[in-house]
Every structure is written in structure tokens, then in C-alpha cells.
Number of protein chains: 2
Amino acid sequence: MPRNGTYHCPVEASVAVIGGKWKTLLLWKLRDGPLRFSGLQECLPMVTPRMLSKALRELGEDGIVARTAYPEIPPRVEYALTPLGEALIPVLDAMSAWGIKYMLDAGLRPPDCCGGNAPEEEIS
Amino acid sequence: MPRNGTYHCPVEASVAVIGGKWKTLLLWKLRDGPLRFSGLQECLPMVTPRMLSKALRELGEDGIVARTAYPEIPPRVEYALTPLGEALIPVLDAMSAWGIKYMLDAGLRPPDCCGGNAPEEEIS
DNA sequence: CTGCATCCATGTTGATACTG
DNA sequence: CAGTATCAACATGGATGCAG
């Protein structure tokens with residue numbers, strides 16, 4: 001996605017930024033807190049390091065995720081949602097909710113995401 | 001997008017169905033009522049008839065849009081959201097809202113969609 | 001008018017291997 | 001650990017022509 005140019009419609013801008021095959025899923029995994037590169041790889045084994053790196057770089061350029069590198073041995077890098085990225089959470093939740101409905105309608109069992117980071121209420 | 005296979009996560013299912021470069025935008029245009037093929041072309045001049053046809057066919061296969069052909073001369077075909085498609089409206093609205101925020105943060109003027117079908121309150 | 005078929009250019013993704 | 005390099009495969013886009 002170009003992620004630049006003029007958008008004729010807000011939806012077009014959203015698609016340009018979070019479109020692509022993996023970005024939405026990636027953001028969903030970051031929804032509940034920062035993750036390391038290797039943590040994302042475990043969560044999303046179907047995404048190659050190349051595409052993961054590319055997606056993270058582009059989301060960083062668009063101000064959606066923040067990259068924090070800790071100068072340690074071995075290296076550690078954490079990715080987290082920025083405030084602008086957190087503003088996407090309603091979108092992600094709506095997509096998750098619809099996905100559950102879709103899978104139910106299709107007679108499929110809606111699985112929890114890896115690790116179970118479905119949107120859940122605070123339990124006092 | 002394959003739109004089949006096993007999804008490990010509801011978000012994955014949503015991306016598979018409404019992912020791609022144009023589907024979300026197309027659904028956004030159908031949000032406020034049925035449109036004809038030519039109407040969609042006017043709304044989305046950047047989408048070639050080939051890709052528009054492909055997107056509509058796939059959305060039809062997934063039960064998101066319904067195709068109604070009127071046996072007239074000249075032919076008339078209308079596309080509308082199915083109930084499952086209407087269930088996507090919260091997703092579309094959330095994306096639109098976020099797109100507006102994103103464009104404001106970027107210093108761009110958030111445009112109304114072609115024809116002005118932004119989600120608006122009923123004005124009595 | 002509403003599309004589908006074909007060819008071809010370009011862009012995006014995947015697989016594997018490799019580096020700081 | 002956190003990526004990058006290279007090449008191959010696939011998806012997407014444009015142009016044109018054609019059919020119901």
C-alpha cells in the first residue's frame with residue numbers, strides 16, 4: 001500500500017495504513033501490550049520474518065507502532081501501539097466481533113487468538 | 001485472498017473476507033443503500049471494471065453482498081449488503097472514524113466520500 | 001449496460017539462506 | 001535476537017476486445 005497521496009475518503013486512508021495481508025493481524029496481537037519481534041513470530045508463525053519486518057517498518061512510518069530497542073546482548077526490541085495505534089482498537093474489536101459472527105454463520109468454531117487476547121471485560 | 005481454509009483468529013477471517021485493495025471501500029459505498037455496477041464505477045473511478053467485478057463476485061460468494069439482476073433491456077443489476085454485510089457496518093464506521101482522525105493528525109483535510117455518504121446523524 | 005477473456009506490466013508475498 | 005538479501009511465485013492493474 002502506498003500510504004501516501006491523496007485520499008478521497010477516510011476509509012481509503014484506513015485501508016492504505018492497515019491494509020495488506022498481515023498488518024491488521026499484527027495490530028491485533030499488539031492490542032494487549034508490547035511484544036518483541038520473536039514474540040510476534042511465535043504468535044504469527046505464518047508470517048515470514050521478511051513480511052513481519054516490512055509491516056512493522058511501515059506501521060512505524062505511519063505512526064501506528066513504536067519501536068523500542070534495548071542496547072543489550074542479546075538484542076531486544078519491543079513493538080507497541082502508539083496512541084494513534086490505540087485509536088485503532090475499536091476497529092480491531094469490531095473486526096474480531098464480525099469474524100466470530102462470520103465463522104458461526106459458516107458453521108466453523110471461532111477460535112481464540114493465539115494466547116487468547118480476545119477483547120474481554122475487566123473482571124472486578 | 002483465499003477466503004477459505006482454517007482461520008486461527010476471527011480477525012484473520014475478517015481480513016480474508018474484506019481484505020484486498022478495494023473491498024472495504026466498495027462496502028462503504030454500499031453502506032447507504034444498493035447501487036448498480038455503473039453507480040459503483042462512478043463512485044470508485046480508480047477501480048477498473050475487471051477488479052470491481054472480481055470484488056463483487058467474491059463478496060457475493062462470501063455472502064456479504066447480494067446481486068439482483070432485473071431482466072430488462074437494457075440490463076440492470078443492483079448490489080446490496082446482505083444482513084451479514086450489514087453486520088460489517090460497525091467495522092466500516094470505525095474505519096471511517098479512524099481515517100478522519102488519521103488525516104487530521106497528518107494535517108490533511110478529511111474529505112467526505114464521493115456523494116457524501118459519511119455516517120451522519122439523523123437531523124430532524 | 002453488465003460484465004468476462006486475454007495478454008502483459010507491475011507490485012506484493014513467500015522460501016530460503018545469511019548477517020550484525 | 002532481530003532482522004536483511006536474493007530469487008521465485010503469485011496477485012493485482014491496465015488495455016483491449018467481445019458477449020448476453
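Chain letters run A, B, ... following the sequence lines, proteins first, then strands; residues in each count from 1.
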Please report, rounded to the nearest Å, how far the [atom2] atom of [N] is from the [atom1] atom of [X].
| X | N | atom1 | atom2 | result |
| --- | --- | --- | --- | --- |
| B:Phe37 | D:dG20 | CZ | C1' | 15 Å |
| B:Lys54 | C:dA5 | NZ | P | 13 Å |
| B:Gln41 | C:dG3 | CD | P | 10 Å |
| B:Lys23 | D:dA11 | NZ | C1' | 12 Å |
| B:Met46 | D:dG14 | CE | P | 11 Å |
| A:Ile73 | D:dA2 | CD1 | C1' | 12 Å |
| A:Leu40 | D:dG3 | CG | C1' | 13 Å |
| B:Leu35 | C:dC1 | CG | C1' | 15 Å |

Exercise for the section: Mind checking B:Pro49 for me? I need base, sugar-phosphate or nothing, with any heavy atom below 4.0 Å counting as a touch. Expected result: nothing
Exercise for the section: Looking at every strand, decide which applies to B:Tyr79 at a 4.0 Å heavy-atom threshold: base, sugar-phosphate, or nothing. Expected result: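 The answer is sugar-phosphate, as B:Tyr79 gets under 4.0 Å only of primed atoms, P, OP1 or OP2.
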Practice task
Look at the side chain of B:Thr82 and the backbone N and O of B:Ile64, then say whether any donor-acceptor pair between them is shorter than 3.5 Å.
Solution key: yes
Do [X] and [Y] have side-chain heavy atoms sitting under 4.5 Å apart?
| X | Y | answer |
| --- | --- | --- |
| B:Leu27 | A:Val11 | no |
| B:Val47 | B:Gln41 | no |
| A:Trp22 | A:Leu52 | no |

Problem - A:Ile18 CD1 to B:Met95 CE distance, which is reported to the nearest 0.5 Å - result: 4.5 Å
Practice task
Using the closest heavy atom to pick a nucleotide of DNA chain C for each, name whichever of B:Leu56 or A:Val47 lands nearer the 5' end.
Solution key: B:Leu56
Handout entry: Verify same cluster id: A:Val15, B:Leu108 (apolar side-chain graph, 4.5 Å)
Key =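 Yes: a chain of side-chain contacts under 4.5 Å links A:Val15 to B:Leu108.
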Between [X] and [N], is there a contact of a side-chain N or O with OP1 or OP2 at under 4.0 Å?
| X | N | value |
| --- | --- | --- |
| B:Trp22 | D:dT12 | no |
| A:Arg67 | D:dG3 | yes |
| B:Ser38 | C:dC1 | no |
| A:Lys21 | C:dG14 | yes |

Problem - Under-4.0 Å salt bridge between B:Glu61 and B:Arg57 - result: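 A salt bridge is absent here (no side-chain N lies under 4.0 Å from a carboxylate O).
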Handout entry: Shortest non-hydrogen separation from B:Tyr79 to B:Leu30 and the atoms involved
Key =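 Between these two residues, the closest heavy atoms are O-CD2, 3.4 Å.
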Practice task
Please list every stem that involves DNA chain D, where a stem is a run of 3 or more consecutive Watson-Crick or G-U wobble pairs with both pairing distances under 3.5 Å.
Solution key: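 DNA chain D forms these stems: C:1-20 with D:1-20.
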[X] has a side chain; which of [options] sits nearest to it?
| X | options | answer |
| --- | --- | --- |
| A:Thr48 | D:dC1, C:dG3, C:dA15 | C:dA15 |
| B:Arg36 | D:dG3, C:dC1, D:dT4 | C:dC1 |
| A:Met51 | D:dA2, C:dT13, C:dT2 | C:dT13 |

Handout entry: N/O donor-acceptor pair, side chain A:Arg50 with base C:dG14, under 3.5 angstrom
Key =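 In this structure, the two groups form a donor-acceptor pair.
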Problem - Side-chain donor/acceptor of B:Arg76 to base of C:dT2, under 3.5 Å - result: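 Flag unset: no donor-acceptor pair detected.
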